[in-house]
Peer 1: 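Take this structure, written in structure tokens, and hold onto it; I'll ask about it next.
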2 protein chains.
Amino acid sequence: MTSYTIGQIAQQAEVGVETIRYYERLGLIVAPSRRPSGYRVFSEEAVRRLRFIRRAKHLGFSLREISELLELRFHDGGSCKEVRSRASNKIIEVEAKIADLQRIQRALTTLASACPGSGPAAACPILDALDPTEETDGQA
Amino acid sequence: MTSYTIGQIAQQAEVGVETIRYYERLGLIVAPSRRPSGYRVFSEEAVRRLRFIRRAKHLGFSLREISELLELRFHDGGSCKEVRSRASNKIIEVEAKIADLQRIQRALTTLASACPGSGPAAACPILDALDPTEETDGQA
DNA sequence: CTTGACTCCGTAGTAGGGTACAGGGTGCAC
DNA sequence: GTGCACCCTGTACCCTACTACGGAGTCAAG
């Protein structure tokens with residue numbers, strides 16, 4: 001059962017020490033146990049969690065949303081139905097994001113391949129990418 | 001050639017009037033032409049652009065990144081090669097985001113389907129989702 | 001030709017997400 | 001048994017992306 005200091009997990013998870021304390025204050029990570037001196041003691045789990053947070057943020061989730069995602073696993077001792085429905089809602093959101101990103105990806109691909117040819121290329125695939133007036137399902 | 005006031009496009013693009021002026025200050029949208037009175041006059045294009053921005057933000061792009069995405073189309077009169085390489089880099093980023101989201105999606109699906117069974121379900125698919133110690137390609 | 005909704009500009013304030021000290025204790029290598 | 005890196009708490013500050021306001025001009029319906 002390897003344990004780590006805050007500096008060690010900060011390095012492993014590629015986040016700042018202050019950030020970890022900040023997340024702890026927000027309740028985003030479980031408050032770690034302490035040595036008699038007051039030093040925080042972290043487990044491997046914390047590294048995983050921090051990395052999850054870092055990447056989820058990069059996907060446009062707020063800390064609040066990330067917290068909700070993470071909590072899904074803990075509440076499952078309670079009302080199973082609710083976990084299921086919350087998970088389902090998140091899945092819908094996630095799928096919408098994926099679809100949007102795929103549109104951007106296609107637009108970028110078009111742009112990149114249209115370019116080397118020549119000419120002014122007046123049509124802008126990027127703008128069309130997330131344009132709900134296209135075949136995009138018009139969700140808010 | 002329909003034209004719109006700032007309030008009209010704000011409503012259409014579902015953003016605030018102040019936000020549009022803010023984006024203009026940042027150079028994120030093209031400075032619109034003006035009536036003699038000073039009132040801004042927007043075209044359909046502006047609505048599309050604003051909607052693009054709104055959705056791209058939701059995908060975790062910063063305004064700076066969005067600006068870069070949007071600029072890809074304008075520079076193509078200049079150095080075509082650079083547009084291509086910038087587009088390619090963006091494509092890589094976008095693909096990484098899609099992959100991450102798909103991992104989250106799978107994890108949520110697993111979670112949702114594992115739940116109704118019973119038991120404590122100790123394993124947390126969510127945390128594994130974005131864990132680079134799994135088969136995830138370890139990108140920063 | 002008035003009135004109420006809308007627009008202008010500039011500046012200031014807010015929320016989210018950190019980041020940086022200051023002032024002090026801890027751990028361990030030498 | 002001391003030095004230096006590291007940790008503690010708390011407060012203050014920073015950046016991004018808005019959002020609100022004040023004071024004044026504009027537009028168009030009645």
Side-chain angles (χ1 to χ4, degrees), chain A residues 2-43 46-47 49-71 93 130 140, chain B residues 2-43 46-47 49-71 93 130 140:
Chain A
T2 29
S3 66
Y4 305 93
T5 66
I6 195 169
Q8 287 168 338
I9 61 160
Q11 202 162 12
Q12 281 191 59
E14 293 173 82
V15 298
V17 166
E18 316 281 350
T19 305
I20 296 172
R21 289 200 274 256
Y22 175 65
Y23 288 168
E24 182 184 334
R25 245 175 292 148
L26 294 189
L28 207 54
I29 57 172
V30 181
S33 53
R34 304 282 187 130
R35 288 203 234 173
S37 61
Y39 279 32
R40 289 170 181 81
V41 179
F42 294 92
S43 68
V47 179
R49 217 168 156 115
L50 285 169
R51 275 203 275 239
F52 177 87
I53 294 168
R54 200 169 65 83
R55 296 178 73 176
K57 259 198 327 142
H58 197 228
L59 298 171
F61 294 102
S62 67
L63 294 185
R64 166 173 295 281
E65 287 175 310
I66 292 169
S67 165
E68 282 166 25
L69 279 172
L70 287 167
E71 269 176 17
E93 282 173 39
L130 297 184
Chain B
T2 29
S3 66
Y4 305 92
T5 65
I6 196 168
Q8 287 167 339
I9 61 159
Q11 201 162 14
Q12 281 190 59
E14 294 173 81
V15 297
V17 165
E18 315 281 350
T19 305
I20 296 171
R21 287 201 274 256
Y22 175 65
Y23 287 169
E24 182 185 333
R25 245 176 292 149
L26 294 189
L28 208 54
I29 58 172
V30 181
S33 54
R34 304 283 187 129
R35 287 203 233 173
S37 61
Y39 278 32
R40 288 171 182 81
V41 179
F42 293 92
S43 68
V47 179
R49 219 169 154 114
L50 286 170
R51 276 204 274 239
F52 177 86
I53 294 168
R54 200 168 64 82
R55 296 179 73 177
K57 258 197 329 141
H58 196 227
L59 297 171
F61 294 103
S62 66
L63 293 186
R64 167 173 295 280
E65 287 176 310
I66 293 169
S67 165
E68 282 167 24
L69 280 173
L70 287 168
E71 270 177 17
E93 281 174 39
L130 297 184

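We name chains A, B, ... by the order of the sequence lines, and we start the count at 1 in each one.
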Peer 1: Between atom OG1 of A:Thr2 and atom CD of A:Gln8, what is the distance when rounded to the nearest 0.5 Å?
Peer 2: 10.0 Å

Peer 1: What is the separation between atom CD1 on B:Ile6 and atom P on D:dC27, rounded to the nearest whole Å?
Peer 2: 15 Å

Peer 1: What heavy-atom pair brings B:Arg40 and B:Pro32 nearest, and what distance separates the two atoms?
Peer 2: CG-CG, 3.6 Å

Peer 1: Using the side-chain heavy atoms of B:Glu18, tell me which of these nucleotides is nearest: C:dC9, D:dC21, D:dC18.
Peer 2: D:dC21

Peer 1: Inspect the contact between B:Glu18 and B:Arg21 and indicate whether a charged nitrogen and a carboxylate oxygen are less than 4.0 angstrom apart.
Peer 2: yes

Peer 1: Rounding to a whole Å, what distance do you find between B:Tyr22:OH and D:dA20:C1'?
Peer 2: 15 Å

Peer 1: Give the rounded distance in Å between these two atoms: CG of B:Leu50 and P of D:dC18.
Peer 2: 11 Å

Peer 1: Atom CD of B:Gln11 and atom C1' of C:dC6: how far apart are they, to the nearest Å?
Peer 2: 12 Å

Peer 1: Below 4.5 Å, heavy atoms only, C-beta onward: do B:Ile66 and B:Leu63 meet side chain to side chain?
Peer 2: yes

Peer 1: What's the NE2-P distance between B:His58 and D:dA17, to the nearest Å?
Peer 2: 15 Å

Peer 1: Base of D:dG25, side chain of B:Tyr39 - is there a donor-acceptor contact under 3.5 Å?
Peer 2: yes

Peer 1: Just how far, in rounded Å, is P of C:dG16 from CG of A:Leu26?
Peer 2: 10 Å

Peer 1: Between P on D:dC15 and CZ on B:Arg64, what's the gap in Å once rounded to a whole number?
Peer 2: 13 Å

Peer 1: Could you tell me whether A:Arg21 contacts a base, only the sugar-phosphate backbone, or nothing, with contacts defined as non-hydrogen atoms closer than 4.0 Å?
Peer 2: base

Peer 1: Given that A:Arg25 and A:Phe42 both sit by DNA chain D, which one's nearest nucleotide is further toward the 5' end?
Peer 2: A:Phe42

Peer 1: In terms of side-chain heavy atoms of B:Leu63, which of D:dC27, D:dA17, C:dG27 is nearest?
Peer 2: D:dA17

Peer 1: Side-chain N or O of A:Ser37 less than 4.0 angstrom from OP1 or OP2 on C:dG25?
Peer 2: no

Peer 1: On DNA chain D, compare the nucleotides closest to B:Thr19 and A:Arg34; which residue's is nearer the 5' end?
Peer 2: A:Arg34

Peer 1: Please report the distance, rounded to the nearest Å, between NZ in A:Lys57 and P in C:dG18.
Peer 2: 4 Å

Peer 1: Given C:dC9, is OP1 or OP2 found less than 4.0 Å from the side-chain N or O atoms of B:Arg40?
Peer 2: yes

Peer 1: Scan B:Gly16 against the nucleic acid and name what it touches under 4.0 Å (heavy atoms): base, sugar-phosphate only, or nothing.
Peer 2: nothing

Peer 1: Kindly indicate whether the side chain of B:Ile53, heavy atoms from C-beta on, has any atom under 4.5 Å from the side chain of B:Leu70.
Peer 2: yes

